Structures are given as C-alpha cells and as structure tokens.
K.L.:
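First, the structure itself, so that you have it in front of you.
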Amino acid sequence: MGQRFLVTGGAGYVGSHLVAALVDAGHRVTVIDNLRQGHRAAVPPAATLVEADIAAAEPVLADGPWDAVFHFAALSLVGESMADPFRYFAANAAAGMGFIGACARHGVRRFVLSSTANLFGTPARIPIAEDAAIDPGSPYGESKHMLERALAWADRIFGMRGACLRYFNAAGADPAGRLGEDHDPETHLIPLAIDAALGRRGPLAVFGTDYPTPDGTCIRDYIHVTDLASAHLAVLPLLDRGSVTFNLGNGAGASVREVIAAVEAVTGHAVPHRIAPRRAGDPAVLVASAARLRAATGWTPRLPGLRDIVATAASWRAAHPDGYGGR
Ligand code: UFG
C-alpha cells in the first residue's frame, strides 16, 4: 500500500509531473488546484482533484493523515511580480503562510516547498550553493523566501519538517508524453523557441547579447522537470531527521544561444530570432551547485543533456499544438 500525499498546484507544470511520479510509484494522491493556471487534463485519473484555492484547504487537510504535503500552488512570473508586487505577496506569501499554519494545525509532519533560484539575485559565486547570500531578485523570489522562513518557524514551534527545494529552470516534458508545459501567457525560453521553430509564433526575442558571458547571452541551469520530480521523492526520507534546504539544478549552464542551437538541432528547423534589449531583473548567470543534494540523497538527474530536455519538450508540443486545449 502506497503512502497518501497532498499536492497543491498539482495541475500545474512542475506539480503535475510530481503527481505522475507519485501515482506511478503506487501512492495515493490528492491535488488541490484552482485551475487558474493548472489544467484538469494534467491530473491523472488515479489522483483525486479538488478544485479550490489553498485558502479553502482546511476540509482536505482534516481528511488526513497525510504522509507529506507538497506545496506548488503559486504565481511564478518574475516580471509580473515586479509590476504587481503586492499581488505576489498576497497570493504566494500571505496565502502560503495561512496554508503552512493550517498544515501544522492538522498534524502534517513533512512539508515540501517549491522554492526558487530567484532567491539569489545576482550571485557572487557560480555554481550557487545553499549558503549563498539571500538577496531575492524580485517580489516573486521574496515571497518564496518568506515561506522558507515561515517553514523554519513551523519546524521550531510545531515540529513540522520542511524541505525547501530551490528550482533553477524547470524544462522539458514527461518522456512518456502524458504531460508538458502549457502556460498562458508563455514566457519561458524553451517553449517559445520551439514554437518559433515550428512557425507557430513570430521570431524569438533574445533578451540581451551584452552580458559578461562567452556569447553575450544569459546562462541558466535547465533541469528536466521529471528530474525535479524525482528529487522530491529522494528528499522525503530525510525529513524524518530534520528540515532541509537544497538547490535543485543540473550544475551546468546553457546560454540563450545554446538553447536556440539545441532547438534547431532537435526540430531540424531554424529558430527565427531577433536581438532585443535586456529584460529587467535577469542576472547574467544562474547555475546551481547540486552537490549537497547528491551527497545527501544520491539523487542524480537522468536527463541532464540540453538536447534531451528540448527533445521531450518539442515532442509534447508537436503532439499538443494547443497544449492541454484551453482551461
Ligand atoms: N529569454 C529570452 N527570450 C525570451 C524568454 C527568455 O531571451 O523570450 C531568456 C531570459 O532573458 C533568460 C533565459 O532566456 O536569460 C531564461 O528565461 P526564462 O523566462 O525561461 O526563465 P527565467 O530564468 O527568467 O525564470 C525561471 C522561472 C522563474 C524562476 C527562475 C529561477 O520562470 O520562476 O527561473 O532561476 F524564478
């Protein structure tokens, strides 16, 4: 008999890949998602979907016990958070703290938080280790930092163990083709480059070619979304001994131009693109040190190669030109 897990935001991009991994491993999963960004079709039939905001999670939490809670539900656009910071503080930080408190009251012992590399602003040292200075690059990153702090108090006062997993750039799609990336609006580099290559949208804007990197474009650590999911399973046993924080990436970076080249190689089409000004708030280089996670759990990414990542994203996109087909 598997364990019983609650996943907020489980109909979203990263959350749905975790739900699939949990169901595949024989666990029982309940998803809470308001479906404003998530997709009903991204939740497998074997999971139970409760269409609700996390503010209304109390009855679901009361229907425990839960072996762990995974909290993905959030607004997640860096640029949008710069334009509307208090929407992010309310939706991510305030609502998330209410949810963390409700979990503690209902006796949850293990809580896994989707956190972000946007905690590190412009980091002094690459690759970025867990003890790098926290200097959130946006209200979005700040809202996640607030939840990391709230979890530290939930452990100290209630003994609810927390895992803060700071994702670098989630990318790719379920290799079995069941799930993929479908944001509205789409702002992420890899799906935009794929759609440009497939002629589904205009040229890709390359945001800045004057960064202090070898080819002048920004470098990011793209990590396959199913490797992110497997890391969640790997950290769970650690929570029986205490709370943990991990940076979650491959430990290798790729530039925007390297991503374009990978998309061209995988799709066989040129990626039409134009040079555009820098996007506000983009640091030149964000690459994770995954050393702590590897040492603590033995986790290793199965699909670390950029071409493999792009290939899974491109094949899902080719099979689902309209994504999940509307909300
Ligand atoms: N980029 C372009 N053109 C585009 C879109 C992106 O050149 O049309 C560039 C960006 O400037 C950046 C890189 O491609 O250098 C990656 O951009 P994404 O928007 O795909 O991803 P970000 O690195 O901005 O942000 C992602 C998540 C955030 C998270 C962050 C952590 O979306 O939620 O990683 O590093 F906080």
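Numbers here simply count residues along the sequence, with the first being 1. Computed from a prediction, not measured in an experiment: that's the story for all the values here. Both ligands and their constituent atoms are indexed starting at 1 by order of listing.
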K.L.:
Counting neighbours of CZ on Arg200 that are heavy atoms of other residues, nucleotides or ligands and sit closer than 6.0 Å, is the number greater than 12?
P.N.:
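Yes, because the 6.0 Å sphere around CZ of Arg200 holds more than 12 heavy atoms from other groups.
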K.L.:
What is the nearest protein non-hydrogen atom to atom 9 (C) of ligand 1, stated with its residue, atom name and distance?
P.N.:
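Protein heavy atom at minimum distance: Val256 CG2, 3.8 Å.
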K.L.:
Heavy-atom count check: over 12 atoms from other residues, nucleotides or ligands less than 6.0 Å from Phe158 CZ?
P.N.:
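Not more than 12 within 6.0 Å, no.
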K.L.:
Nearest heavy atom to atom 23 (O) of ligand 1: which of Val285, Leu119, Asn169 does it belong to?
P.N.:
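Shortest heavy-atom distance from atom 23 (O) of ligand 1: Asn169.
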K.L.:
Do the side chain of His183 and the main chain of His188 share a donor and acceptor less than 3.5 angstrom apart?
P.N.:
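No: the side chain of His183 does not pair with the backbone of His188.
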K.L.:
Between Thr8 and Phe72, is there a donor-acceptor pair closer than 3.5 Å when you use the side chain of the first and the backbone of the second?
P.N.:
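Present.
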K.L.:
Closest non-hydrogen protein atom to atom 27 (C) of ligand 1, residue and atom name please, with distance?
P.N.:
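Minimum-distance protein heavy atom for atom 27 (C) of ligand 1 reads His188 NE2, 4.0 Å.
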K.L.:
Should Ala117 be counted as touching ligand 1, given the test is an N or O pair under 3.5 Å?
P.N.:
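It does not: no N or O of Ala117 is found under 3.5 Å from an N or O of ligand 1.
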K.L.:
Of all the atoms in ligand 1, which lie at a distance below 4.0 Å from a heavy atom belonging to Val206?
P.N.:
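Reading through ligand 1 atom by atom, the close ones are 7 (O).
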K.L.:
When you look for heavy atoms under 4.0 Å from ligand 1, do you find them on the side chain of Val259, its backbone, both, or neither?
P.N.:
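Val259 to ligand 1: no contact under 4.0 Å from either part.
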K.L.:
Gln37 and Tyr13: side-chain donor and acceptor closer than 3.5 Å?
P.N.:
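Side-chain D/A pair, Gln37 to Tyr13: absent.
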K.L.:
Counting only heavy atoms, tell me which of His183, Arg220, Arg279 gets closest to atom 24 (O) of ligand 1.
P.N.:
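When every heavy atom of His183, Arg220, Arg279 is considered, Arg279 comes closest to atom 24 (O) of ligand 1.
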K.L.:
Hey, could you give me the CG/CG distance between Leu75 and Asn92, rounded to the nearest 0.5 Å?
P.N.:
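Here the interatomic distance stands at 5.0 Å.
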K.L.:
Any donor and acceptor pair, going by atom type alone, linking the side chain of His145 with main-chain N or O of Ile134 inside 3.5 Å?
P.N.:
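The answer is no, because no donor-acceptor pair under 3.5 Å joins these two groups.
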K.L.:
Please identify which atoms of ligand 1 are closer than 4.0 Å to at least one heavy atom of Leu286.
P.N.:
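So the answer, numbered in order with elements, is 35 (O).
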K.L.:
Please confirm whether the ring centroid of Phe246 lies under 6.0 Å from the ring centroid of Trp299.
P.N.:
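No - the distance between ring centres of Phe246 and Trp299 does not fall below the 6.0 Å cut-off.
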K.L.:
For ligand 1, which atoms have a heavy atom of Thr187 less than 4.0 angstrom away?
P.N.:
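Reading through ligand 1 atom by atom, the close ones are 5 (C), 19 (O).
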K.L.:
Hey, which atoms in ligand 1 end up nearer than 4.0 Å to a heavy atom of Tyr140?
P.N.:
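Ligand 1 atoms under the 4.0 Å threshold to Tyr140: 33 (O), 36 (F).
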K.L.:
Asn250 side chain to Asp221 main-chain N or O, any donor-acceptor pair under 3.5 Å?
P.N.:
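Side chain of Asn250 to backbone of Asp221, a donor-acceptor pair under 3.5 Å: no, none is there.
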K.L.:
Give the atom numbers and elements of ligand 1 that come within less than 4.0 Å of a heavy atom of Ala205.
P.N.:
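Those atoms are 2 (C), 3 (N), 4 (C), 7 (O), 8 (O).
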K.L.:
Are any of the N/O atoms on Thr116, whether in the backbone or the side chain, positioned under 3.5 angstrom from an N/O atom of ligand 1?
P.N.:
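Looking only at distances, the answer is no, because the N/O contact criterion of under 3.5 Å is not met.
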K.L.:
Indicate whether the side chain of His71 and that of Ser114 have a donor and an acceptor atom separated by less than 3.5 Å.
P.N.:
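Their side chains do not contain a donor-acceptor pair, so the 3.5 Å distance test is not met.
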K.L.:
Looking only at protein heavy atoms, which one is nearest to atom 11 (O) of ligand 1, and what is the separation?
P.N.:
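Closest protein heavy atom to atom 11 (O) of ligand 1: Asp282 OD2, 2.6 Å.
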K.L.:
Is the ring centre of Phe70 less than 6.0 Å from the ring centre of Phe5?
P.N.:
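Between Phe5 and Phe70, which both carry aromatic rings, the centre distance is below 6.0 Å.
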K.L.:
When you measure from the centre of the six-membered ring of Tyr211, is the NZ or CZ of Arg278 closer than 6.0 Å and no more than 45° off the axis?
P.N.:
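Yes; both conditions hold, so Arg278 lies above the ring face of Tyr211.
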K.L.:
Tell me: protein heavy atom nearest atom 20 (O) of ligand 1, and distance?
P.N.:
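Protein heavy atom at minimum distance: Leu189 N, 2.9 Å.
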K.L.:
Provide the number and element of each atom of ligand 1 under 4.0 Å from a heavy atom of Cys218.
P.N.:
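Reading through ligand 1 atom by atom, the close ones are 15 (O).
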K.L.:
Taking distance alone, with no angle check, do Leu204 and ligand 1 share an N/O pair under 3.5 Å?
P.N.:
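No, Leu204 has no N/O under 3.5 Å of an N/O on ligand 1.
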K.L.:
Students should be able to answer this: which protein heavy-atom is nearest to atom 33 (O) of ligand 1, and at what distance?
P.N.:
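Protein heavy atom with the smallest distance to atom 33 (O) of ligand 1: Ser76 O, 3.2 Å.
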K.L.:
Do Asn118 and ligand 1 have an N or O pair less than 3.5 Å apart?
P.N.:
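No: no nitrogen or oxygen of Asn118 is under 3.5 Å from one in ligand 1.
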K.L.:
Judged by non-hydrogen atoms, does Tyr222 sit under 4.0 Å from ligand 1?
P.N.:
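Judged by the 4.0 Å heavy-atom criterion, Tyr222 does count as contacting ligand 1.
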K.L.:
Under 4.0 Å from any heavy atom of Leu192, which atoms of ligand 1 are there?
P.N.:
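Taking each heavy atom of Leu192 in turn, ligand 1 has 8 (O) under 4.0 Å.
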K.L.:
Which residue owns the protein heavy atom closest to atom 7 (O) of ligand 1, what's the atom, and how far is it?
P.N.:
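Result for atom 7 (O) of ligand 1: Phe207 N, 2.9 Å.
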K.L.:
Check whether any side-chain N or O of Ser289 sits under 3.5 Å from a backbone N or O of Ala129 as a donor-acceptor pair, and report yes or no.
P.N.:
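It does not hold such a pair.
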